[in-house]
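Beneath this line is the structure, given in C-alpha cells, with notes to follow.
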Amino acid sequence: MAVLVTGGAGFIGSHTVVELIEANREVIIIDNFSNSKPEVLNRIEKITGKRPKLYACDLLDLEATRKVFAENEIDSVIHFAGLKAVGESCAQPLRYYSHNFDATFNLIRAMVEYGVGTIVFSSSATVYGSPKTVPIREDFPLSTTNPYGETKLVIERMLKDMCDAGELKSVSILRYFNPIGAHESGLIGEDPKGVPNNLLPYISQTAIGKRDKLHVFGDDYPTHDGTGVRDYIHVVDLAQAHLAALDRAMAVTGTEYYNVGTGVGYSVLDIVKAFEKASGKKVPYVIDPRRPGDIAECYADPTLAREKLGWSAKFDIERMCKDADRWQTMNPDGYTD
Ligand code: WQD
C-alpha cells in the first residue's frame with residue numbers, strides 16, 4: 001500500500017519523501033512543478049537509491065487526480081501541494097482561494113471515491129494570527145491576517161467536517177512554524193523562486209554573495225533585541241513529524257491538531273549570528289522598517305506532539321544553519337535542470 005504525497009517535489013515534500021522511503025514506505029508523488037523542479041526526483045534517487053513513482057499533473061485536473069487513485073493501491077495521503085507565499089496571497093487573493101481550495105476539493109473527492117480515509121495536512125502557525133501570548137498551544141484562538149492563512153484555516157475546518165461526517169476516517173493537521181535547513185547530503189534544500197521572501201534562504205544567498213546584504217525588517221519589536229522572534233525547525237525534523245503523524249493517523253479515527261516546532265524562539269539577529277558561526281561566512285545586513293503583516297513573536301508549545309506522536313525536534317540551530325549553508329554552497333542557483 002502506498003502513501004500519496006502531493007507537492008512531493010517541494011521543499012518540505014521532498015524531505016518527507018526521503019524519510020518515508022528510508023522508512024521503507026512506498027511513495028507516489030503528485031507534483032505540477034509550479035514551485036519545484038523535476039531535478040528533485042534525481043536527487044531523491046541519489047539519496048535513497050529509489051525513485052518514487054511520479055505523476056507530473058495538477059490536482060486542479062480532477063480526472064488526472066482520479067487516475068492516480070485508480071492506478072495505485074493508496075492507503076493514505078500527505079497533502080503539501082498549494083500556493084504558499086503570504087505576500088503574494090494578499091496581491092492575488094482569488095488565485096490563492098481558487099487554487100488551494102479547488103486542488104483540495106479534487107483530492108478529497110478522489111479519496112472518498114476510492115475509499116482512502118487517512119490524510120495528513122500541511123497547515124501553518126499562521127492560523128493563530130497574532131497570538132496574545134507565547135508559546136502557542138493548539139487550543140489558542142484562531143484567526144488569519146492574509147488569504148494564504150485563510151485557505152489553511154478553511155481547509156482545516158473542511159477536513160474536520162468530512163471526518164465528523166464519516167467521509168474521512170482520520171485527519172492529522174500539522175501546523176508548521178518556520179522550517180529551515182536541508183538534508184545533510186546537500187542534495188535537496190530550499191529553492192525559492194526569485195528573491196526569497198523567507199529569512200533563511202535570503203541569509204544563505206547573502207552569505208555566498210548572491211545578495212549584497214540582508215534587510216532586517218524592523219528592530220523596534222518588543223523582543224530581546226528588537227527583531228522578530230520565530231520558531232525555526234529543521235526541515236528533516238519536520239519531515240519526521242509527518243511520519244509520526246501518519247503512523248498515528250493510520251491507527252486512530254477523528255481529527256487531531258499538532259504544533260510542529262521546537263518550542264524555542266530565535267530573533268533575526270540571533271539567526272544571523274548563528275549562521276555566521278556555523279558557516280564561517282559573513283552576513284552583512286541593514287535595518288529596514290517593519291514588513292507589513294509581521295508579528296513580534298511566534299513560537300510553539302510542542303508538548304502535544306511529544307505526548308501523542310512521540311515526536312520532538314532533534315536538531316539545533318547550529319545544525320540547521322550548517323545544513324542550509326551546505327545546500328546553498330553546493331547549489332548556488334538552486335536546482336538547475
Ligand atoms: C521570519 C522573520 C521577518 C525576511 C512565513 C509565513 C508562514 C510560513 C513561514 C508558510 C520575520 C524577518 C524575513 C527578510 C527579515 N510559510 N525577515 N528579512 O514571516 O515568520 O513566516 O514563512 O507556511 O506561514 O508567514 O517567515 O522567514 O518570512 O520571516 O528580517 O528578508 O525574519 O520580519 O521576523 P514568517 P519569514
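Everything numeric in this text was worked out from a predicted model, so none of it was measured. Counting starts at 1 for both ligands and their atoms, following the listed order. Just the heavy atoms: all of them, side chains too, but no hydrogens, waters or symmetry mates, feed the values below.
Shown here are the ring pair (Phe, Tyr, Trp, His ring centres under 6.0 Å) partners of Y258, two or more places apart in sequence or in another chain: there are none. Residues forming a side-chain hydrogen bond (donor to acceptor under 3.5 Å, both in side chains) with Y266 (at least two apart in sequence, or on another chain): none.
Aromatic ring centres of F80 and H242 lie closer together than 6.0 Å.
In this structure, a donor-acceptor pair under 3.5 Å is absent between the side chains of D325 and S279.
A salt bridge links R175 and E156; the closest N-O separation between the charged side-chain nitrogens and carboxylate oxygens is under 4.0 Å.
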Run the side-chain donor-acceptor check on residues 187-198: report pairs under 3.5 Å with partners two or more places apart or on a different chain.
{"residue": "D191", "atom": "OD2", "partner": "Y335", "partner atom": "N", "Å": "3.1"}
{"residue": "K193", "atom": "NZ", "partner": "S34", "partner atom": "O", "Å": "2.3"}

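Within 4.0 Å of ligand 1, counting heavy atoms only, the contacting residues are V86, S124, T126, Y148, N178, N197, N198, L199, L214, H215, V216, F217, G228, R230, Y232, V268, R291, D294.
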